[in-house]
Amino acid sequence: MPEPNQPEDYLQRLRHSTAHIMAYAVQQLFPDGERTVKLAIGPPIENEFYYDMEVPRPITPEDFPEIEKHMKAMIRSNAPFEQETWAYDDARQWFGERDQKFKLELIDGISDREVSATDEGVDEEGVSIYHNGDFTDLCKGPHVEKTSECRYFKLLRVSGAYWRGDSNREQLQRIYGTAWETKADLQAYLTQREEAAKRDHRKLGRELELFQMHPESPGSAFWLPKGALIYNILSEKVRKLYLTEGYQEVRTPLIYDSSLWETSGHWEHFKDDMFLVENEEGEATSALKPMNCPAHMLIYKSVRHSYRDLPYRIYDQGVLHRNEATGTLTGLSRVRQLCQDDGHIFVEEKDIANEYERILGLFQRIYGTFDLPFRCDFSTRNPEKFMGDIEVWNRAETLLEDVLKNNQIEYSLDPGEAAFYGPKLDFQVRDSLNRDVQCATVQLDFQLPERFDLTYVASDGSEKRPVVIHRAICGSFERFIAMLIEHYAGAFPTWLSPVQCVVMTISQRFVDYGTEVEQLLAQKGCRVVLDNSDGKIGAKIRQARLQRVPYMLIIGGREQESRTVSVRSREEGNIGAMALDTFVDKMVQEADLDF
RNA sequence: GCUGACGUGGCUCAAUGGUAGAGCAAGUGAUUUGUAAUCACUAGGUUGGAGGUUCGAUUCCUCUCGUCAGCUCCA
């Protein structure tokens, strides 16, 4: 996201100004609103804006027309946005008289020079104040000149948000809206949101019969036959790739004694988020695994390793359970039961760069196949909170950065965001609603080798500690498939389509030939369905199109006589008749894909 | 977990305190069809669950489960 306060970014200013107008309008909803609506912050964000506030009663979307009415009045008045600087005490008094506790807190923060991350007013001598009409707000700006510039806006949704993002503090109401320079831009944005909603994986998952959810197991997918096909194809292709790239597959238990989680550190940090298993006495002495790494540590440790064995790469498609908070569950993107393409590499420090190079190669092969646009975040050491040798960290971070550069991967640096046990790379893709979804993650770990006392024998006979690389390239298959559903809007490429071809007969007279075509395709491994119902051909086509089937074969008298098929493709429509054998070859070829 | 909204046949949605409806899907029958919906009939709901208010609750209230939008979290 661009810096919100760049004066050259007109849209940012426009949205920020619209947020002020909205805050004013919400105040008009309540008697003595200037005092009873306690404003927090109201910044522009990508495409939208919001304002956080404490209100006498919850705002609901039903309030939007009324709020918008007041906004329009303010906009029509064409009041200028005017800035002033107030001395701290003046500002404290003014906002104090109006019980604006959040603004007072911000003013204190500004005078203590603590505030930097907010967009509220900062100045040497005092605080920056903006007026528009009867509305006055603590704000650094910048704003547009006149309220009339904010004509093209719409309020979108309302939600809760904690003051200063702290779940121990007050929960405020956040109202989101969007604002644009022209009516056409606004309309285009609203249309884009509607289009995006149509490819929501939860909607398509139901319509295409891919998966379902049930209250009996919240946050865990039931994969229906078509979805299970996609799931299995994907995991098979990924597995095949890794096996040819130096990984060995393992399978490990679901349930482990708590001692393992104590060793790994999970018991301390994540016990509340794990599904616990009780013993006969009712004590929680073991737990379902939330990740595979501790199991892999045990495997590594079970034999003595030589430097000649390294890098030692193991891969696991084990089922994981995480007891995610109820409010966070969302479709397939945030689930309680998941399975990752999870691998761990035990490596000498000198080989870290080389391993990263290989992992990025895998990443590019998989993401390249799907043509998925991604973003990479590189999280580096938090100087306050890290374990291990600072020299090792520095070397590792330099190495990772070099690898990113050498592979021409664009990344953004997140200084201080790494976990305490090692730097990490996160790859994010955008979902259909423009939200970032984390998929691939590659993480260096100096901690687990320590906790599990892992060693290898170096060439000079000394015992050394390996480094562990955690890597998941698809991430969880659940989330990855959710993203693929949205990326393709359900129209999967042929090799991944649960049904690749529907053979449809013009009438019952051609069922024999239709059946022959179906069976031939099936014999060649094509996922084919015969539609010999007695509906019209138009209806059959409509059915298949709604299911996003890549190929439709129309079988009638002409085709039967010449032993051809009339082919209709999902993308190109009717592409005419083709010899049966030619089509079979085409299907076999299209269905064949390796990463 | 927090704030708010929502929950009506498989799906999409009506019904605002007075006998729960429609379209699609399903079943049956008719039709035998040439590139996005053939026609008719039939069946399907104790309105997520529990409690309460009321002569009467899909509708109002409480609790609970789930879903959604965000927030916090995401090993």
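In what follows, every heavy atom counts, from backbone to side chain, and hydrogens, waters and symmetry copies are set aside.
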Criterion side chain to side chain donor-acceptor pair (under 3.5 Å) on A:T178 and A:W180, from CA distance to verdict
CA-CA 7 Å; A:T178 188; A:W180 298 81; 2.8 Å; yes
Pair A:F583, A:Y551 - check ring pair (Phe, Tyr, Trp, His ring centres under 6.0 Å), show working.
CA-CA 10 Å; A:F583 180 76; A:Y551 289 101; 5.7 Å; yes
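Protein atom CG of A:L332 is 14 Å distant from nucleotide atom C1' of B:U67, rounded to whole Å. Spacing between atom CD1 of A:I554 and atom C1' of B:A36 amounts to 11 Å, rounded to whole angstrom units. Between the CE atom of A:M53 and the C1' atom of B:U3 there is a distance of 14 Å, given to the nearest Å. With rounding to whole Å, A:D166 atom CG is found 15 Å from B:U3 atom P. The nearest whole Å value for the distance from the CD atom in A:E216 to the C1' atom in B:U64 is 15 Å. Atom CZ in A:F222 sits about 16 Å away from atom C1' in B:G10, given to the nearest Å. Protein atom NZ of A:K536 is 10 Å distant from nucleotide atom C1' of B:A37, rounded to whole Å.
A:R336 has no side-chain polar atom (N or O) that falls below the 4.0 Å cut-off from OP1 or OP2 of B:G66. Listed pair A:R545 / B:U35 fails the phosphate criterion, with no side-chain N or O lying under 4.0 Å from OP1 or OP2. Here A:R206 does not reach the OP1 or OP2 of B:G10: none of its side-chain N or O atoms lies under 4.0 Å away.
Rounding to the nearest 0.5 angstrom, the gap separating the CG atom in A:D445 from the CD1 atom in A:I345 is 12.5 Å.
The shortest non-hydrogen separation linking A:N574 to A:V567 is OD1-O, 3.5 Å.
Between B:A5 and B:G23, the two P atoms lie 33 Å apart (nearest whole Å). One C1' atom belongs to B:A22, the other to B:A43, and the distance between them is 16 Å to the nearest Å. Taking atom P on both B:U12 and B:A69, the two are 15 Å apart, rounded to the nearest angstrom. Nucleotides B:G29 and B:G7 are separated by 37 Å at their C1' atoms, to the nearest Å. One C1' atom belongs to B:G52, the other to B:U67, and the distance between them is 25 Å to the nearest Å. Between the P atoms of B:A25 and B:U19, the separation comes to 30 Å (whole Å). Atom P of B:G66 sits at a distance of 16 Å from the matching atom of B:G48, rounded to the whole Å. Separating the P atom of B:C74 from that of B:C61 is a span of 37 Å, rounded to the nearest Å.
Ranking B:U35, B:U72, B:A75 by closeness to the A:Y421 side chain, first place goes to B:A75. Of the candidate nucleotides B:A75, B:G1, B:G34, B:A75 has the atom nearest to the side chain of A:R322. Listed nucleotides: B:U35, B:G1, B:G66. Nearest to the side chain of A:P215: B:G66. In this structure, the nucleotide among B:A37, B:C71, B:A69 sitting nearest to the side chain of A:R542 is B:A37. Each of B:A75, B:C68, B:G66 was ranked by its minimum atom distance to the side chain of A:F270; first place goes to B:A75. Closest approach to the A:R334 side chain among B:C74, B:G1, B:G70 is made by B:C74 (side chain taken as heavy atoms from C-beta onward).
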How does RNA chain B read in dot-bracket, base by base from 5' to 3', with Watson-Crick or G-U pairs under 3.5 Å and | used when the partner is on another strand?
(((((((..((((....[..)))).(((((.......))))).....(((((..]....))))))))))))....
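Inspection of the A:H266 and A:E268 side chains reveals no N or O donor paired with an N or O acceptor under 3.5 Å. Side chain to side chain, A:S286 and A:D257 fail the donor-acceptor criterion of an N or O pair below 3.5 Å. There is a side-chain donor-acceptor pair under 3.5 Å between A:T494 and A:E590.
The 12-atom threshold is not exceeded at CZ of A:R251, counting heavy atoms of other residues, nucleotides or ligands nearer than 6.0 Å.
A:Y50 comes within 4.0 angstrom of nothing in the nucleic acid, heavy atoms only. Nucleic acid contact class of A:P58 (heavy atoms, under 4.0 Å, all strands): sugar-phosphate only. Here A:R568 lies in heavy-atom contact (under 4.0 Å) with a base.
Remark: A:I506, A:S507, A:Q508, A:R509 in residues 501-514 of chain A come within less than 4.0 Å of RNA chain B through at least one heavy atom. The stretch residues 556-565 of chain A comes close to RNA chain B through A:G556, A:G557, A:R558, A:E559, each having a heavy atom under 4.0 Å from the strand.
Between the side chain of A:R202 and the base of B:C68, no donor-acceptor pair under 3.5 Å is found. Judged by atom type and distance alone, A:Y162 reaches the base of B:G1 through a side-chain donor-acceptor pair under 3.5 Å. Scanning atom types as modelled, no donor and acceptor separated by under 3.5 angstrom connect the side chain of A:R169 and the base of B:C71.
Taking 4.5 Å as the limit, every side-chain heavy atom of A:N292 sits out of range of all side-chain heavy atoms of A:M297. The side-chain heavy atoms of A:V335 and A:M213, taken from C-beta on, include a pair separated by under 4.5 Å.
In this structure, the side chain of A:T330 does not engage the main chain of A:S333 through any donor-acceptor pair within 3.5 Å. Without hydrogens or angle criteria, A:Q173 side chain to A:I59 main chain gives a donor-acceptor distance under 3.5 Å. For A:S258 (side chain) and A:T285 (main-chain N/O), a donor-acceptor pair under 3.5 Å exists by modelled atom type.
Of the two residues contacting RNA chain B, namely A:S159 and A:M291, the nearest-nucleotide position lying further toward the 5' end is that of A:S159. Along RNA chain B, the nucleotide nearest A:P218 and the nucleotide nearest A:A161 are compared for position; the residue whose nucleotide lies closer to the 5' end is A:P218.
Remark: A:R169 is not positioned above the aromatic ring of A:Y162, lacking an NZ or CZ atom under 6.0 angstrom from the ring centre and at most 45 degrees off the axis.
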